[in-house]
Amino acid sequence: MTQLVGHVEQLWQYPVKSMAGVGLPRAELGRNGLLGDRGWCAREEELGQLTVVRRTPKLLLCRATYEIDKDPDRSFRAGQIPPVRITLPDGASFSSTDADAADRLSEFLGKRISLWPLQKKSKLKHYRLAKPQGAREFRRQFASKSLPDLSSIPFSKILELMLFVTPLGSYYDLAPLHILSSSALAHMRRIDPKAEFRVERFRPNIFVKSLDDDNGLDDFSWVHGQLQLGDAEVRCRSRTVRCSAPAQPMLTGLTDEEARICSGPQKGFEKDGGVLRAIERETGRHLGIYASVKTPGWVRVGDPVYWVPAKGKPREGLSTYQRLRNRVLHASLESVDRFGR
C-alpha cells in the first residue's frame with residue numbers, strides 16, 4: 001500500500017565530486033541520477049588515479065558551480081558537461097577553462113591535481129585504481145580499525161570498487177542517488193546531542209522532511225521498496241555505508257544562486273569525529289540510503305514523498321543471511337591484501 005512518508009525539503013547537486021554542493025529548487029532525475037550531479041572529478045597526477053575525500057579531504061573546503069545561465073539541463077541531456085567555477089575558502093575563484101586552473105587547485109590542495117569531466121565507462125584506465133583495493137584500503141577509507149557491515153552492498157559493486165575508484169561511467173560512490181530523512185538526523189542528534197549532525201555533512205541528493213521526526217531511522221525501512229516524488233520514481237537499493245567524509249571540515253551549503261554570487265571568505269564548520277563515532281555505535285556506520293532512478297522526471301522542493309513497499313514478505317532469516325554475506329565480503333577483501341603482498 002502506498003504510504004506518504006514526508007516531503008522533499010532539500011535537493012542537492014555536487015558539480016565536482018567531493019566539493020561543496022549547491023541547493024536547487026527543482027531538479028531532473030535521469031537514469032544516471034540527478035542531472036549535473038558529480039559532472040567533474042579531480043585526479044591526483046602523481047598517483048595516477050581519481051582522488052577522493054580520504055586522500056584529499058581539503059576538496060570539501062572548495063565550492064563549485066556550473067558556468068551556464070540558461071537551461072543547463074539541456075546540456076546535461078545532450079551529454080555535455082559545462083565548465084565549472086571553483087571558489088576556494090578565501091573567496092578566490094577560477095574557471096575550469098582557465099589555463100592555470102589545475103595549478104591553482106594544486107597549490108591549494110598541496111598536490112598535483114587535474115580536473116576531468118565525466119568520461120565514458122569504456123575508458124577503464126581513467127577510472128582504474130593505481131592498485132587493487134583490499135581490506136586495508138577499505139578500512140582507511142572508512143577511518144576504522146575494522147571493516148563495517150557491507151552486507152547491504154551488492155557483491156558486484158564491491159568487486160568493481162576493488163578495481164576502480166568509482167563505478168564505471170560515473171563519479172558517484174556507489175549508486176546514482178543518496179537520500180536522507182530528517183527523522184534519521186533527529187534520531188542521531190538524540191543519540192549524541194554534542195555531535196554536529198548537519199545535512200551538509202552527509203551530502204545527500206534528496207533530503208526528505210519526515211512526517212514525524214520521532215520515527216527513528218525511517219529511511220532504512222524504505223530499502224527494497226520504491227519512492228514516488230514529483231514526476232519521478234526511485235528504487236531504494238541499500239543503506240548507505242559512511243566513509244570518513246562526514247567528520248571532516250567542510251563548507252556550509254548554499255543555494256545555487258547564492259553560490260554564484262557569493263564573494264569573500266567562505267563559511268564552514270569544523271572537524272567533528274563525534275559524528276562518526278555515534279553512527280558507528282548506533283548503526284555500524286550506516287546513515288541514509290542509496291537509490292537508483294526507475295522513472296525519470298522532475299522533482300521540486302515541497303513535493304510529497306510516497307513509499308511503495310516491495311511486493312511479497314521479507315525473507316525470513318535475513319539477518320543470518322546478511323551476517324554470512326558480510327563475512328564472505330570481508331574475506332574477499334582480506335584476500336586481496338594477501339595476494340598483493
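Model, not experiment: these values are computed from the prediction.
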Exercise. Cut-off 3.5 Å, side chains only: do K111 and S106 have a donor facing an acceptor?
Worked result: no

Problem set entry | side chain to side chain donor-acceptor pair (under 3.5 Å) involving S332 - partner list, sequence neighbours excluded | none

For this session: Quick one: closest heavy-atom pair of M19 and A64, and the distance?
Result: SD-CB, 4.0 Å

Exercise. Would a 4.5 Å heavy-atom cut-off, applied to side chains only, mark V305 and V8 as touching?
Worked result: yes

Seminar exercise, completed: All heavy atoms of A175 vs all of A291, minimum pair found to be CB-O, 3.8 Å

Seminar exercise, completed: Residues passing the salt bridge (charged side-chain N to carboxylate O under 4.0 Å, His left out) test with R201, sequence neighbours excluded, are E196

Problem set entry | Minimum side-chain heavy-atom gap P204-I179 below 4.5 Å | no

For this session: Give a yes or no on whether M188 and V208 share a hydrophobic cluster (residues Ile, Leu, Val, Met, Phe, Trp, Tyr; joining criterion: side-chain heavy atoms under 4.5 Å apart).
Result: yes

Seminar exercise, completed: Applying salt bridge (charged side-chain N to carboxylate O under 4.0 Å, His left out) to D218 and not counting sequence neighbours gives none

Problem set entry | Donor-acceptor under 3.5 Å (H330 side chain, R327 main chain) | no

Exercise. Does a salt bridge link R136 with E334, judged by any charged N lying under 4.0 Å from a carboxylate O?
Worked result: no

Exercise. For W298, is the NZ or CZ atom of R26 found under 6.0 angstrom from the centre of its six-membered ring and inside 45 degrees of the ring axis?
Worked result: yes

Seminar exercise, completed: For D173, the salt bridge (charged side-chain N to carboxylate O under 4.0 Å, His left out) test, sequence neighbours excluded, returns K17

Exercise. When hydrophobic residues are tied together by side-chain contacts of less than 4.5 Å, even through go-betweens, does V199 share a cluster with L251?
Worked result: no

Exercise. Of all residues at least two apart in sequence or in a different chain, which pass the ring-ring contact (aromatic ring centres under 6.0 Å, His included) check with W116?
Worked result: H126

Problem set entry | V275 with L217, same ILVMFWY side-chain cluster at under 4.5 Å | yes

For this session: Could you please spell out the steps behind the salt bridge (charged side-chain N to carboxylate O under 4.0 Å, His left out) verdict for R54 and E137?
Result: CA-CA 10 Å; R54 181 186 67 75; E137 286 301 314; 2.8 Å; yes

For this session: Under the ring-ring contact (aromatic ring centres under 6.0 Å, His included) rule, collect the residues that match up with F197, sequence neighbours excluded.
Result: F202

Seminar exercise, completed: For L24 and Q13, the nearest pair of non-hydrogen atoms, with its separation, is CD1-CB, 3.7 Å

Exercise. With sequence neighbours excluded, what pairs up with P304 under the side-chain contact (heavy atoms from CB on, under 4.5 Å) test?
Worked result: L4, H7, Y306

Problem set entry | Under the side-chain contact (heavy atoms from CB on, under 4.5 Å) test, residues paired with A102 that sit two or more places apart | none

Exercise. Do the side chains of L177 and W12 join up, straight or via other hydrophobic residues, at under 4.5 Å, putting them in one cluster?
Worked result: yes

Exercise. Rest of the hydrophobic cluster containing L60 (Ile/Leu/Val/Met/Phe/Trp/Tyr, side-chain heavy atoms under 4.5 Å)?
Worked result: V53, M250, F269

Seminar exercise, completed: side-chain hydrogen bond (donor to acceptor under 3.5 Å, both in side chains) with D213: of S182, S183, S181, only one passes, and it is S182

For this session: Decide yes or no on salt bridge (charged side-chain N to carboxylate O under 4.0 Å, His left out) for E45 and R43, but give the supporting numbers first.
Result: CA-CA 6 Å; E45 289 303 322; R43 177 182 169 88; 3.4 Å; yes

Seminar exercise, completed: Residue set satisfying side-chain contact (heavy atoms from CB on, under 4.5 Å) with D98, at least two apart, ordered chain then number -> F94, S95, D100, A101

Problem set entry | Single-linkage hydrophobic cluster, 4.5 Å side-chain cutoff, Y172 and L34 together | no

Exercise. When you check the gap from the basic side-chain N to the acidic O, do R55 and E44 get nearer than 4.0 Å?
Worked result: yes

For this session: Mind checking salt bridge (charged side-chain N to carboxylate O under 4.0 Å, His left out) for E200 and listing every partner two or more places apart, or none if nothing turns up?
Result: R198

Exercise. With R190, which residues qualify under side-chain contact (heavy atoms from CB on, under 4.5 Å), at least two apart?
Worked result: A186, H187, D214

Exercise. Does the distance from a Lys or Arg side-chain N to an Asp or Glu carboxylate O, for E160 and K157, drop under 4.0 Å?
Worked result: yes

Problem set entry | Identified side-chain hydrogen bond (donor to acceptor under 3.5 Å, both in side chains) partner of T295 from the options Q226, R31, R235, E233 | E233

Exercise. For the residue pair R63 and G21, what are the closest heavy atoms and their distance?
Worked result: NH1-O, 4.3 Å

Exercise. Which atom pair, heavy atoms only, marks the closest approach of V299 to L11?
Worked result: O-CD1, 3.4 Å

